[in-house]
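Beneath this line is the structure, given in structure tokens, with notes to follow.
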Amino acid sequence: RDSCVSDSSDSVISSGSDTEGQIYKVVLLGDHGVGKSSLARIFGGVEDGHDCEEAGNTYDRSIIVDDEEASIVLYDVWEQDNSQWLKDQCMKMGDAYIIVYSVTDKASFEKASELRIQLRRARQSENIPIILVGNKSDLVRSREVSVDEGRACAVVFDCKFIETSASLHHNVRDLFEGIVRQIRLRKDSKED
Ligand code: GDP
Ligand code: MG
């Protein structure tokens, strides 16, 4: 009955952990420069300060949400190369998605909508958890996308919404807890 979440890429991470919990694959999507890797590094606990321009990374971590442990593999690989194959894989493999734009970059906001549409197309019948993230909320003076615009977009696209600042670590924890809660909610409703 888990067939809806498994695919060929499973072998990479399903190396028999003995915990009862499942490992959730969470994929970061979004334009270049919006802060995906910064958010991913905070999640992964990598706090080395400088921006490493590494092409792609995955972060493997367990977090406690509502007194229950959740194992997550976070994929920051969307920009790893320009192959359509990788992009297709990204669209297929996630149990949940974090679509990031920068509140200082209107074009990245429009790109987020595009990604949402692509995702819907790729996973038509599935009800996949998605959180739309407006990052760089600390950059007040250069803001181009208002909170209301972000929120309205999330309503249209039937997903959750949060603004974050990776620089200030603001709301980053809430973001990852939120994604775990979303995954659990949808999973429970499927099992009923
Ligand atoms: P990616 O291309 O989406 O992976 O974006 P990065 O994480 O590499 O971030 C791009 C640039 O934006 C870097 O210089 C970051 O330091 C900066 N950045 C990321 N998040 C924030 C944020 O919340 N606030 C500010 N002011 N800068 C940020
Ligand atoms: Mg990056």
Side-chain angles (χ1 to χ4, degrees), residues 9 12-13 24-61 63 72-119 122 128-151 153-154 157 159-179 182:
S9 61
V12 188
I13 54 160
Y24 301 128
K25 289 176 272 186
V26 178
V27 179
L28 282 160
L29 304 177
D31 242 357
H32 182 67
V34 297
K36 297 181 298 300
S37 300
S38 304
L39 292 167
R41 282 197 298 271
I42 294 171
F43 173 78
V46 190
E47 309 263 356
D48 52 8
H50 62 86
D51 295 323
C52 22
E53 269 297 321
E54 270 164 57
N57 273 305
T58 64
Y59 300 87
D60 205 324
R61 236 190 102 186
I63 57 173
I72 289 186
V73 182
L74 181 66
Y75 291 86
D76 178 27
V77 298
W78 182 243
E79 296 182 286
Q80 190 166 327
D81 59 43
N82 274 320
S83 73
Q84 191 54 44
W85 182 86
L86 180 69
K87 301 241 183 301
D88 289 343
Q89 283 304 306
C90 282
M91 290 296 182
K92 276 186 210 158
M93 73 184 194
D95 296 315
Y97 290 85
I98 297 175
I99 302 180
V100 188
Y101 66 91
S102 165
V103 302
T104 65
D105 178 2
K106 192 93 184 181
S108 74
F109 181 59
E110 276 146 23
K111 179 70 185 187
S113 298
E114 227 173 89
L115 289 165
R116 174 66 184 97
I117 291 163
Q118 279 179 42
L119 198 51
I128 305 168
I130 299 171
I131 298 190
L132 180 67
V133 177
N135 187 46
K136 307 199 187 184
S137 62
D138 57 292
L139 297 176
V140 178
R141 284 157 189 263
S142 39
R143 186 186 273 271
E144 292 181 358
V145 184
S146 72
V147 186
D148 285 343
E149 283 175 284
R151 210 176 276 139
C153 182
F157 287 123
C159 61
K160 290 279 168 188
F161 172 69
I162 192 168
E163 282 201 349
T164 58
S165 166
S167 300
L168 303 178
H169 287 212
H170 181 247
N171 271 352
V172 177
R173 202 191 156 80
D174 287 48
L175 164 62
F176 290 105
E177 289 183 359
I179 205 85
Q182 284 302 302

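Worth knowing before you read on, the calculation uses all heavy atoms, side chains too, and leaves out hydrogens, waters and symmetry mates. First listed ligand is number 1; within each ligand, the first listed atom is number 1.
Residue contact annotation: S38 places no N/O/S atom under 2.8 Å from the Mg ion (ligand 2).
Close contacts between ligand 1 and E79 involve ligand atoms 2 (O) [criterion: under 4.0 Å to a heavy atom]. Of all atoms in ligand 1, numbered sequentially from 1 with element shown, those under 4.0 Å from a heavy atom of S167 are 21 (C), 22 (C), 23 (O), 24 (N), 25 (C), 26 (N), 27 (N), 28 (C). Listed by number with element, the atoms of ligand 1 under 4.0 Å from a non-hydrogen atom of H32 are 2 (O). Of all the atoms in ligand 1, the ones that sit under 4.0 Å from a non-hydrogen atom of D31 are 3 (O). The contact set between ligand 1 and G33, taken as ligand atoms under 4.0 Å from a residue heavy atom, comprises 1 (P), 2 (O), 3 (O), 5 (O), 10 (C), 12 (O). Near N135, the atoms of ligand 1 lying under 4.0 angstrom from a non-hydrogen atom of the residue are 19 (C), 20 (N), 21 (C), 22 (C), 23 (O).
Under 4.0 Å from ligand 1, the heavy atoms of L139 that appear belong solely to its side chain. Neither the backbone nor the side chain of L39 has a heavy atom within less than 4.0 Å of ligand 1.
A donor-acceptor distance shorter than 3.5 angstrom exists from the side chain of N171 to the backbone of E163, with no hydrogens or angles considered. At least one donor-acceptor pair closer than 3.5 Å links the side chain of S108 to the backbone N or O of S102. Side-chain atoms of T58 never come within 3.5 Å of backbone atoms of Y75 as a donor-acceptor pair (strictly under, hydrogens ignored).
Close N/O approach between D76 and ligand 1 is not found [any backbone or side-chain N/O within under 3.5 Å]. Between K136 and ligand 1, a contact under 3.5 Å exists for at least one N or O pair. Of the N or O atoms in S38, one or more lie within a sub-3.5 Å distance of an N or O in ligand 1.
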Please tabulate, one pair per line, all N/O donor-acceptor pairs under 3.5 Å involving side-chain atoms of residues 111-119, not counting sequence neighbours.
from: R116; atom 1: NE; to: F157; atom 2: O; distance (Å): 3.0
from: R116; atom 1: NH2; to: F157; atom 2: O; distance (Å): 3.1

* Asked: Would D138 and H170 count as a side-chain contact (heavy atoms from CB on, under 4.5 Å) if you check the C-alpha gap in whole Å, the side-chain angles of each, and the deciding distance to 0.1 Å?
  -> CA-CA 9 Å; D138 57 292; H170 181 247; over 6 Å; no
* Go through the steps for R61 and I72 under the test side-chain contact (heavy atoms from CB on, under 4.5 Å), then give the verdict. => CA-CA 5 Å; R61 236 190 102 186; I72 289 186; 5.7 Å; no
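Residues passing the ring pair (Phe, Tyr, Trp, His ring centres under 6.0 Å) test with F43 are F176, sequence neighbours excluded.
K136 and E144 are not joined by a salt bridge, as no carboxylate oxygen comes within less than 4.0 angstrom of a charged side-chain nitrogen.
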